[in-house]
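Structure first, commentary second.
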Number of protein chains: 2
Amino acid sequence: MRAAPETSALPRRPDERPRRDPLAALGAFLQQKGLKHSRQRQAIAQIFFDMGGHVPVDALVARVREQDPRVSVATVYRTMKLLAECGLAVPRRFGEGQTRYEPADHHHGDAHDHLICTACGAIVEFESERITALQRRLARRHGFEVERRRVELYGRCAGCRGAAAKEPA
Amino acid sequence: MRAAPETSALPRRPDERPRRDPLAALGAFLQQKGLKHSRQRQAIAQIFFDMGGHVPVDALVARVREQDPRVSVATVYRTMKLLAECGLAVPRRFGEGQTRYEPADHHHGDAHDHLICTACGAIVEFESERITALQRRLARRHGFEVERRRVELYGRCAGCRGAAAKEPA
DNA sequence: GTATTTGCAAAGGGTTTGCAGTTCC
DNA sequence: GGAACTGCAAACCCTTTGCAAATAC
């Protein structure tokens, strides 16, 4: 799982949340690992966090290239892998064959689930402690200790259901 | 027009359920659609249903080739697509980059979820009406009408947790 | 007969990698 | 200065497709 800040030892001051500034966190990670803080990494991370949501890699590449056309796909993939490694981004795959990345500090726990509209592709996040608790309990009953969950509900969003009703195909 | 009366030349399905004969169903589907009941289709379907569980395509190809080495991957893919189309198999993707197929009549509703062991790869199915009901309700609250679900819980199975405890890596 | 299937091999999409040159510390 | 990083292109994995030959009905 992701490296959450250790709340046990040091109580965080409200105005100094590490996960509030992902770029700073990335910088710290790089430094600590002896990696380099390159122009491309900076740009990719910056744009990624600016975009927010669930970003497909190709969309990120496009955006980055608006700013610096010579950035390669390889570098974007490598950088996103890095962000995932240090817990700042989470890779998602919604069955479209492509990987999307989601900022990890988006929600507190990243235990949220996704609703995906099969008509317009909209992605909505939701979270339910009850569901996760039930799942954990059921998993335990089968001898499993849950480390990671993936819950995706596919269907039609309100808008698309409305559109279908008005204008039946 | 039953397919091979002795589908169980290998009588080893301990959890055999009262299920209709999928091969017969396939035959009916083919006939109805004016498609042909080829030797390869027969073999692929037969072996697939004999294997049971969640079969990766390459494993299926390997098994089929033990029996007829000249069957092509393309044919296996095409056949599995056909089985999916007529509702006898369900494609699954557990984030390993490869597609697995699961017999569709395995459970009544195919609304079951999966527990996947991150250590040994074991896959266990479970089902919970409460969870699906909760999910449906929550989705509704966000305006969604759920059509299809995908729930995968990754973790360590009992056996692997035991092994890890004995011999910590 | 003839429409459907097959095997092969090549194409395809998304992602990764090897390598020579560039950049950062 | 030297390790780390980049861009490029080729490689990669899994899956699909085009096509001529083979097959089922």
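Chain letters run A, B, ... following the sequence lines, proteins first and then strands; every chain starts at 1. Because the structure is predicted, anything quoted here is derived from the model rather than measured.
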Hey, is CD on A:Q31 packed in by over 12 heavy atoms from elsewhere, all under 6.0 Å?
->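 Atom CD in A:Q31 is not crowded, with 12 or fewer foreign heavy atoms closer than 6.0 Å.
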Rounded interatomic separation in angstrom, taking [atom1] from [X] and [atom2] from [N]:
X     : N      : atom1 : atom2 : answer
B:K36 : D:dT23 : NZ    : P     : 12 Å
B:R70 : C:dA9  : CZ    : P     : 14 Å
B:Q98 : C:dG13 : CD    : C1'   : 18 Å
B:D68 : C:dG7  : CG    : P     : 7 Å
A:L26 : D:dC5  : CG    : P     : 11 Å
B:L35 : D:dT23 : CG    : P     : 19 Å
A:Q42 : D:dC5  : CD    : P     : 14 Å
A:R39 : C:dC24 : CZ    : P     : 7 Å

Salt bridge present between A:R39 and A:D68 (N-O < 4.0 angstrom):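 Counted as a salt bridge, because a side-chain N and a carboxylate O are separated by less than 4.0 Å.
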Between B:R41 and B:K36, is there a donor-acceptor pair closer than 3.5 Å when you use the side chain of the first and the backbone of the second?
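A pair under 3.5 Å: yes.
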task = Give me the residues of residues 72-81 of chain A where at least one heavy atom lies under 4.0 Å from an atom of DNA chain D, by number, or none.
result =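 The answer is A:S72, A:A74, A:T75, A:R78.
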| query | Only one of A:R93, A:R92, A:R100 clears salt bridge (Lys or Arg N to Asp or Glu O under 4.0 Å) with A:E96; which? | reply |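 Per the salt bridge (Lys or Arg N to Asp or Glu O under 4.0 Å) rule, the option paired with A:E96 is A:R100, out of A:R93, A:R92, A:R100.
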Practice problem: Between A:D58 and B:V71, just flag the one whose closest nucleotide in DNA chain C comes earlier from the 5' side. | Solution: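 Its nearest nucleotide lies further toward 5', so the answer is B:V71.
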By nearest heavy atom, map B:S38 and A:L82 onto DNA chain D; which one lands nearer the 5' end?
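Its nucleotide being nearer the 5' end, the pick is A:L82.
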> C:dT15, C:dG7, C:dT4: which one has an atom nearest the side-chain heavy atoms of B:Q40?
Replying inline: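 In terms of side-chain proximity for B:Q40, the closest of C:dT15, C:dG7, C:dT4 is C:dG7.
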Drop me the distance from B:R149's CZ to A:D113's CG, to the nearest 0.5 angstrom.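 It comes to 10.5 Å.
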Next item on the list: Measure from the ring center of A:H114 to the ring center of A:F94 and say whether it is less than 6.0 Å.
Entry: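 That pair passes the under 6.0 Å test.
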